[in-house]
Amino acid sequence: MEILRVKDLSFTYPQEKCAALKDVCFSIAEGEFCVLCGPSGCGKTTLLRLLKKELAPKGSLRGEIFYCGRSLDELSEREAAEEIGYVSQDPEQQIVTDRVWHELAFGLENLGLSRESIRRRVGEVAGFFGIERWFRQETSTLSGGQKQLLNLASVMVMRPRILLLDEPTSQLDPIAAADFLAMLARLHRELGLTILFVEHRLEECLSLCDTIGVMSEGKLVCMDAPAKVGAKMADGALPLLPEAIRRLRLSFPSAARLYWSLAKNSSASCPLSVREGRQFLKNICPNPKVRTLPSGEEIKGSPALTLKNVWFRYEKTSPDILCGADFLLQEGEVYCLLGGNGSGKTTLLHVAAGLRRAYRGDVRIFGKKQAAYRSNSLYQGVLSYLPQDVRTIFAKDSVREDFEEYFNVCSLSKKEWETRTNDLWKKLEIPDILDRHPYDLSGGEQQKCALTKLLAANPRILLLDEPTKGLDAYAKQALGGVLQKHCKDGASVLIVTHDLEFAAQFANRCGLFFDGGILAQAAPQEFFGENRFYTTSAKRISEGLFLGTVTCEQVEALCRVNKEEVV
């Protein structure tokens with residue numbers, strides 16, 4: 001039975017010349033699990049919000065959306081709220097109450113259910129999702145993974161027939177993301193729930209879904225089973241230019257990317273999981289003679305940022321978040337700090353940026369005590385900070401006005417900042433959005449604009465909290481190149497991230513934050529190469545064949561060095 005059908009759907013935002021969606025057509029059967037992917041700004045979120053009546057953006061709409069054979073507009077407010085669930089990418093945005101139990105009950109209270117019914121439903125859902133241990137906690141105390149799980153449970157307590165999710169794992173650490181996806185798989189398997197899932201990180205998703213839809217420039221160019229889409233990508237059979245297909249391939253799982261790069265005239269189907277990727281690699285390179293690659297060049301720069309024996313807690317009676325933490329960021333390096341949600345990574349950034357003050361320990365910037373930087377001199381070309389919620393750094397009604405004000409504060413002439421901005425604009429491939437309101441941009445476009453704003457000021461130290469959030473794989477490649485160039489020019493970059501693939505490819509050093517301090521740090525090949533669980537898919541695929549291969553490029557290089565005959 002068809003639960004959702006979209007027919008000839010086009011949509012244009014107010015005062016925009018180019019349509020965000022162009023003649024989109026597809027249908028989803030009841031009980032189907034569908035993943036929607038595509039470049040940042042291609043219309044995925046717009047499409048998803050149009051399917052949720054209460055969240056539909058304003059603009060010019062043409063075409064039809066049918067839910068269970070009825071026009072979406074015909075649904076009552078109650079039907080739309082109950083039967084079509086929606087989970088956003090930002091866990092903070094969707095939580096509206098101060099206690100976990102009240103968040104679970106909130107939607108049911110608004111539907112006017114009896115107290116007995118609410119208690120029964122809330123208890124059932126709390127048990128199913130494993131929320132009993134933190135049922136009475138304040139929502140502000142939860143980790144990112146717990147908050148997103150709570151958002152999912154708060155939607156599921158309404159008993160929807162279809163669940164829409166907009167990059168729900170983008171801010172979760174790998175373990176929390178895997179747990180979240182496992183819960184989605186369980187909901188799909190045990191309840192027969194229909195799921196439409198927008199995602200950039202496809203490594204874990206494709207083995208769960210029945211169908212994958214590929215979007216580009218507002219159009220749905222393909223919707224089919226994952227293996228068939230993989231075959232079309234390999235053959236160049238999608239109705240896209242070869243360059244667009246090449247960029248889309250970067251978003252697909254490591255196993256598929258290795259297949260496309262190494263398989264020649266193969267009759268084997270495109271592998272999508274780590275297990276399938278391992279089998280493929282063993283077939284094409286069964287007995288490698290060369291198992292390792294030379295280590296990358298080690299950065300040995302002067303200290304840019306130093307934390308020594310730093311202790312921090314938010315309140316006098318609360319537990320310590322930083323417990324004697326030591327950290328060194330060298331000039332000219334990209335350092336990626338990884339760890340679980342709520343472990344204290346962002347707190348370390350806040351202390352390093354001077355936004356929070358440690359009650360014990362020493363923080364130095366280029367050998368000078370942090371407190372010695374007076375009158376905001378620390379932020380005048382010395383250090384810049386990108387928060388997780390990039391919207392907080394925009395203060396004007398258009399991107400242009402915001403940039404002009406910021407660069408005036410930075411004492412940059414209009415010619416200087418326009419030259420720098422235009423260069424970054426091209427490298428990050430940002431469309432012409434200077435005259436749009438920052439809040440009207442897609443998540444990926446907001447991220448790129450915020451990064452451009454900070455990078456154009458040319459700070460000597462750049463602190464970035466989840467900079468790849470909302471970016472497609474190609475945009476991440478472009479960002480990584482920009483950050484590496486920034487460091488070659490003498491700057492230093494500290495990145496807090498959950499993106500293991502990005503860290504493996506672009507970091508000079510990686511560190512794992514755990515139990516109030518940095519547990520281990522090393523170059524990516526050593527850091528991820530010695531891990532079994534907290535590591536990249538490329539390492540999992542090549543484990544046992546190669547040593548220290550943590551990116552697809554490294555696996556490909558060793559396969560070619562061994563000169564094995566490619567099937």
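Quick note: residue numbers are just sequence positions, from 1. These numbers come from the heavy atoms of this one structure, side chains and all, not from hydrogens, waters or symmetry mates.
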Charged N to carboxylate O below 4.0 Å: is that the case for Glu16 and Arg436?
yes

Between Glu501 and Thr536, is there a side-chain donor-acceptor contact under 3.5 Å, judged purely by atom types and distance?
no

Note: Pro160 and Leu193 closest approach over all heavy atoms is O-CD1, 3.4 Å

Does the Gln370 side chain pair with the main chain of Val351, one donor and one acceptor, at a distance under 3.5 Å?
yes

Does the pair Leu338 and Cys510 meet the rule for a side-chain contact (heavy atoms from CB on, under 4.5 Å), with working shown?
CA-CA 7 Å; Leu338 304 111; Cys510 297; 3.9 Å; yes

Rounded to the nearest 0.5 Å, what separates atom CG in Leu208 from atom CD1 in Ile195?
9.0 Å

Quick check: does any side chain N or O of Lys427 sit under 3.5 Å from a backbone N or O of Val482, one acting as donor and the other as acceptor?
no

Side-chain donor-acceptor pair present, Ser398, Asp435, cut-off under 3.5 Å
no

Could you walk me through whether Phe506 and Leu479 satisfy the side-chain contact (heavy atoms from CB on, under 4.5 Å) test, starting with their C-alpha distance in whole Å, then the side-chain angles of each, then the deciding distance to 0.1 Å, before giving a yes or no?
CA-CA 10 Å; Phe506 294 106; Leu479 172 61; over 6 Å; no

Counting only heavy atoms not in Glu217, do more than 12 fall under 6.0 Å of its CD?
no

Does Lys476 NZ have over 12 foreign heavy atoms under 6.0 Å away?
yes

How long is the straight-line distance from NE2 of His200 back to CD of Glu167, given to the nearest 0.5 Å?
4.0 Å

Can you check whether Tyr86's main-chain N or O pairs, donor with acceptor, with Gln94's side chain at less than 3.5 Å?
yes

Only pairs at least two apart or in different chains count here, so list each side chain to side chain donor-acceptor pair (under 3.5 Å) that has a residue in residues 485-494.
Lys485-Asp489

Contacts of Phe197 meeting ring-ring contact (aromatic ring centres under 6.0 Å, His included) (sequence neighbours excluded), chain-then-number -> none

So Thr421 and Phe407, do their side chains get closer than 4.5 Å, heavy atoms only?
yes

Taking atom types as modelled, find out whether Arg62 and Ser10 have a side-chain donor-acceptor pair closer than 3.5 angstrom.
yes

Is Asn341 reaching over with its side chain to a backbone N or O of Leu172, donor-acceptor style, under 3.5 angstrom?
no

Under 3.5 Å side-chain donor-acceptor pair for Gln171 and Gln148:
no

Can a donor-acceptor pair be found between the side chains of Glu83 and Tyr67 at a distance below 3.5 Å?
yes

Atom of Ser377, atom of Val382 and distance for their closest heavy-atom approach:
O-CG2, 3.7 Å

Quick check for you: to the nearest 0.5 Å, what is the distance between Trp311 atom CH2 and Leu322 atom CG?
10.0 Å

Ignoring hydrogens, what is the shortest heavy-atom contact between Gly41 and Glu445? Give both atom names and the distance.
CA-OE2, 4.3 Å

Over 60° means perpendicular and under 30° means parallel, so tell me whether Trp425 and Phe403 are parallel, tilted or perpendicular.
perpendicular

Where do Tyr335 and Gln521 land on the side chain to side chain donor-acceptor pair (under 3.5 Å) test, with the steps shown first?
CA-CA 10 Å; Tyr335 188 110; Gln521 56 185 1; 2.5 Å; yes

So does Gly38 get a backbone contact from the side chain of Lys44, meaning a donor-acceptor N/O pair under 3.5 Å?
yes

Is there a donor-acceptor contact under 3.5 Å from the side chain of Glu103 to the main chain of Val96?
yes

Please tell me if the side chains of Thr194 and Leu4 come closer than 4.5 Å, counting only heavy atoms from C-beta onward.
no

For Ser537 and Glu203: C-alpha separation, side-chain torsions, deciding distance, then whether side chain to side chain donor-acceptor pair (under 3.5 Å) applies.
CA-CA 8 Å; Ser537 293; Glu203 199 73 52; 3.2 Å; yes

Tightest non-hydrogen contact, residues Leu471 and Gly444, listed as CD2-O, 3.6 Å

Looking at every non-hydrogen atom in both residues, tell me the closest pair between Cys34 and Ile28 and how far apart they are.
CB-CD1, 4.3 Å

Spatial distance of atom OH (Tyr474) from atom CG (Leu250) [nearest 0.5 Å]
8.5 Å

Side chain of Thr139, backbone of Thr97: donor and acceptor closer than 3.5 Å?
yes

Between Asp472 and Ser40, is there a donor-acceptor pair closer than 3.5 Å when you use the side chain of the first and the backbone of the second?
yes

Beyond-backbone contact of Leu152 with Leu184, side-chain heavy atoms, under 4.5 angstrom:
yes

Quick one: does Gln137's side chain get under 4.5 Å of Arg99's, heavy atoms only?
no

Does the ring centre of His350 sit less than 6.0 Å away from the ring centre of Tyr385?
yes

Considering non-hydrogen atoms only, spot the tightest contact between Leu181 and Cys205 and give its length.
CD2-SG, 4.2 Å

Check whether any side-chain N or O of Asp423 sits under 3.5 Å from a backbone N or O of Thr419 as a donor-acceptor pair, and report yes or no.
no

Is it true that, when you exclude Glu54 itself, more than 12 heavy atoms of the residues, nucleotides or ligands shown sit nearer than 6.0 Å to its CD?
yes

4.5 Å side-chain heavy-atom contact, Leu483 and Leu455:
yes

Hey, is CZ on Phe514 packed in by over 12 heavy atoms from elsewhere, all under 6.0 Å?
no

Within-4.5 Å side-chain heavy-atom neighbours: Arg247 and Glu429:
yes

Do the side chains of Trp134 and Leu149 get nearer than 4.5 Å, heavy atoms only?
yes

Measuring from atom CZ of Arg356 to atom OG1 of Thr347, what distance do you get when rounded to the nearest 0.5 angstrom?
7.5 Å

Got a donor-acceptor contact below 3.5 angstrom from the Lys469 side chain to the Gln388 backbone?
yes

Salt bridge present between Arg400 and Glu404 (N-O < 4.0 angstrom)
no

Please tabulate, one pair per line, all N/O donor-acceptor pairs under 3.5 Å involving side-chain atoms of residues 460-468, not counting sequence neighbours.
residue, atom, partner, partner atom, Å
Asp465, OD2, Thr346, OG1, 2.8
Glu466, OE2, His498, N, 3.4
Glu466, OE2, His498, NE2, 3.3
Thr468, OG1, Asp499, OD2, 3.4

Between OH on residue Tyr373 and CZ on residue Phe366, distance to nearest 0.5 Å:
6.5 Å

Between Tyr13 and Phe11, how do the two ring planes meet: parallel, tilted or perpendicular, split at 30° and 60°?
perpendicular

Counting C-beta onward and ignoring hydrogens, is there a side-chain heavy-atom pair between Met215 and Leu36 closer than 4.5 Å?
yes

Does a side-chain N-to-carboxylate-O contact under 4.0 Å join Glu243 and Arg246?
yes

I want to check a possible cation-pi pair here: Lys453 against Tyr406, using under 6.0 Å from ring centre and within 45° of the ring axis as the test.
yes

